[in-house]
Amino acid sequence: MNSRLYCVIGYPVKHSLSPKLHNGRFKKLKIKARYFQEEVKPEKLGEFMRGFKEKYSGANVTIPHKEKVMKFLDEVAPEAKKIGAVNVIVNRDGKLVGHNTDVVGAIAALKSDVKIIKGQYAVILGAGGAARAVIYGLKNAGSHVLILNRTVENAEKLAAEFDCKFGALEDFDATNCDILINTTSVGMWPKIEETPLPNLKENLRAANKKPVVMDVIYRPKMTRMLKDAKACGCKVVIGEKMFLAQAAESFKLWVGKTPTSSGTPRR
Ligand code: NAP
């Protein structure tokens, strides 16, 4: 039997740890499969997806394709449909089915460090695919959500869909914030000195608040935003926790087994 092939589809995608993680797990479980990286420019997504079924058994989908990829699938699982973003594709006998495991990953990561209780105030930076999963999870947990984004129209659209408030990144004020989560790509390797909130430290000190701060970026582990928050005494949640939890769920969808190892791949 030929090896089954899997990949991560994104642009950029070189930062992704998925190939090392999943190839390591296939090897460990003696599954005949290989996992690749597919850098696909936004304007080439349709062309790439037309040849997908014949080659791949499944994929992860990352920045910036999580929403756009849905129109190339045969079916989207109900939760992924509600979230409006797909980060996992399963090829079931020639039928492409989309799922969202980011939501399980994000909430599992948060819950490992924080008690999520109804009525908490959450501020979400970003309005892309990752934001959709995080907002869906927090709204289900009963949080009040404020979405702040570079392009305010995108935040407004998401706020209308999920019944949240919205604004620009510059509007951030720590006064009403129990949980702060960055879902933008700002601060991601290689631009690790960047942060979506350059005035975070001043803002936290002025408000005398110490919210729990999470970053969904997992490379680097400690982003500039998390470093700033930690310097102000906040509890921080690293994106790697979410990454590992969503990856385990993806693996289960593809091969029907829970991976035995949850360790981070070495680079
Ligand atoms: P996406 O759908 O393309 O959304 C990107 C978001 O970042 C948008 O809100 C965009 O704002 C904002 N943004 C991009 N460049 C910016 C800049 N220079 N200044 C301010 N805002 C900017 O991407 P995504 O799929 O949500 O992924 C976002 C990040 O999350 C990536 O780093 C990805 O690796 C990470 N992620 C991690 C996990 C995990 O398991 N840990 C899971 C999912 C995603 P506009 O609307 O203004 O364009």
Side-chain angles (χ1 to χ4, degrees), residues 8-19 21-22 37 39-42 45 59-70 80 83-88 98-110 112 123-137 147-159 164 166-172 181-198 200 214-226 236-251 262 264-265:
V8 53
I9 309 164
Y11 188 79
V13 81
K14 286 195 174 67
H15 67 281
S16 177
L17 293 181
S18 295
L21 181 74
H22 290 301
Q37 213 167 264
E39 190 150 86
V40 180
K41 287 189 176 158
L45 185 64
N60 284 122
V61 184
T62 188
I63 181 174
H65 301 311
K66 287 182 182 177
E67 293 152 74
K68 299 255 164 54
V69 80
M70 292 200 289
I83 294 167
V86 156
N87 72 310
V88 184
H99 297 265
N100 191 302
T101 64
D102 277 342
V103 63
V104 178
I107 298 304
L110 262 178
S112 68
V123 178
I124 308 303
L125 310 177
R132 284 179 167 274
V134 168
I135 292 164
Y136 176 86
I147 307 166
L148 303 180
N149 195 44
R150 173 180 64 178
T151 311
V152 178
E153 290 80 0
N154 294 344
E156 184 175 11
K157 189 171 155 265
L158 218 54
C164 306
F166 69 93
L169 290 172
E170 296 72 28
D171 296 335
F172 177 72
I181 305 180
N182 174 43
T183 73
T184 76
S185 47
V186 183
M188 185 171 88
W189 183 87
K191 296 182 179 170
I192 60 170
E193 282 314 313
E194 293 186 359
T195 167
L197 294 179
L200 179 61
M214 172 168 158
D215 203 323
V216 304
I217 290 173
Y218 59 84
R219 199 173 169 214
K221 265 191 208 187
M222 277 299 280
T223 57
R224 154 98 191 271
M225 189 176 103
L226 291 185
V236 299
V237 182
I238 58 171
E240 189 183 81
K241 281 194 177 174
M242 173 178 169
F243 170 75
L244 291 173
Q246 68 72 31
E249 287 295 311
S250 305
F251 198 86
S262 62
T264 314

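As the structure is a prediction and not an experimental result, all values here were calculated from the model. Residue numbers start at 1 and run along the sequence shown. As the structure lists them, so they are numbered: ligands from 1, and atoms in each ligand from 1.
When the shell of 6.0 Å around CZ of Phe172 is examined, it contains more than 12 heavy atoms from other residues, nucleotides or ligands.
Heavy atoms of Thr184 found under 4.0 angstrom from ligand 1 belong to the backbone as well as the side chain. Contacts with ligand 1 closer than 4.0 Å are made by heavy atoms of both the backbone and the side chain of Phe243. Of all the heavy atoms of Thr183, the ones lying under 4.0 Å from any atom of ligand 1 belong exclusively to the backbone. By the criterion of a heavy-atom distance under 4.0 Å, the side chain of Ile217, and not its backbone, is placed next to ligand 1. Using a 4.0 Å cut-off between heavy atoms, Glu240 makes no contact with ligand 1 at all. Only side-chain heavy atoms of Asp102 come within less than 4.0 Å of ligand 1; its backbone N, CA, C and O stay farther off.
For Val104, the side chain to side chain contact (heavy atoms under 4.5 Å, CB included) partners are Glu249, not counting sequence neighbours. With sequence neighbours left out, Leu45 forms a side chain to side chain contact (heavy atoms under 4.5 Å, CB included) with Ile9, Val40, Met49, His65, Lys68, Val69, Phe72.
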Before giving the answer on side-chain contact (heavy atoms from CB on, under 4.5 Å), spell out for Phe166 and Lys157 the whole-Å C-alpha distance, their side-chain angles and the decisive distance to 0.1 Å. CA-CA 9 Å; Phe166 69 93; Lys157 189 171 155 265; over 6 Å; no

Just do the salt bridge (Lys or Arg N to Asp or Glu O under 4.0 Å) check on Glu194 and Arg224 with the steps written out, would you? CA-CA 7 Å; Glu194 293 186 359; Arg224 154 98 191 271; over 6 Å; no

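Those atoms of ligand 1 that come under 4.0 Å of a heavy atom in Gly126, given as number and element, are 9 (O). With ligand atoms numbered from 1 in the order given, ligand 1 contributes 41 (N) to contacts under 4.0 Å with heavy atoms of Gly239. Less than 4.0 angstrom separates some heavy atom of Gln246 from each of these atoms of ligand 1: 40 (O). For ligand 1, the atoms lying closer than 4.0 Å to a non-hydrogen atom of Pro64 are 3 (O).
Across the listed options Lys66, Lys157, Glu194, Arg132, Lys66 owns the non-hydrogen atom lying nearest to atom 43 (C) of ligand 1. Comparing Arg150, Glu67, Lys241 by heavy-atom distance to atom 13 (N) of ligand 1, the nearest is Arg150. For the residues Thr151, Ile63, Asn60, Thr62, the heavy atom positioned nearest atom 27 (O) of ligand 1 is part of Ile63.
For atom 34 (O) of ligand 1, the closest non-hydrogen atom of the protein is His15 NE2, 3.6 Å. Atom 24 (P) of ligand 1 has its closest protein heavy atom at Ala130 N, 3.8 Å. Closest to atom 32 (O) of ligand 1 among all protein heavy atoms lies Met188 SD, 3.0 Å. Nearest protein heavy-atom neighbour of atom 2 (O) of ligand 1: Gly129 N, 2.9 Å. The protein heavy-atom contact nearest to atom 11 (O) of ligand 1 is Asn149 OD1, 3.3 Å. For atom 14 (C) of ligand 1, the closest non-hydrogen atom on the protein side is Ser185 OG, 3.4 Å.
Under the 4.0 angstrom criterion for non-hydrogen atoms, Ala127 is in contact with ligand 1.
Of the possible donor and acceptor atoms, one in the side chain of Asn87 sits under 3.5 Å from a partner among the backbone N and O of Thr101. Side chain of Thr195 to backbone of Leu197: a donor-acceptor contact under 3.5 angstrom is found.
Within a 4.0 Å radius of atom 5 (C) of ligand 1, the protein contributes no heavy atom.
Considering every non-hydrogen atom in both Gly126 and Ile147, the closest pair reads O-CG2, 3.4 Å.
Checked options Leu125, Asn182, Ile124, Ile181; the residue passing with Val216 is Ile181 (criterion: side-chain contact (heavy atoms from CB on, under 4.5 Å)).
Side-chain polar atoms of Asn149 and Thr151 form no donor-acceptor pair below 3.5 angstrom.
We find the CD1-CG distance between Ile217 and Leu226 to be 8.5 Å, quoted to the nearest 0.5 Å.
By the 30° and 60° cut-offs, the orientation of the rings of His22 relative to Phe251 is parallel.
For ligand 1, the polar-atom distance check finds an N/O of Val216 within less than 3.5 Å of one of the ligand's N/O atoms. Every N/O-N/O distance between Leu169 and ligand 1 stays at or above 3.5 Å. Taking only nitrogen or oxygen atoms, main chain and side chain alike, Val186 does not reach within less than 3.5 Å of ligand 1.
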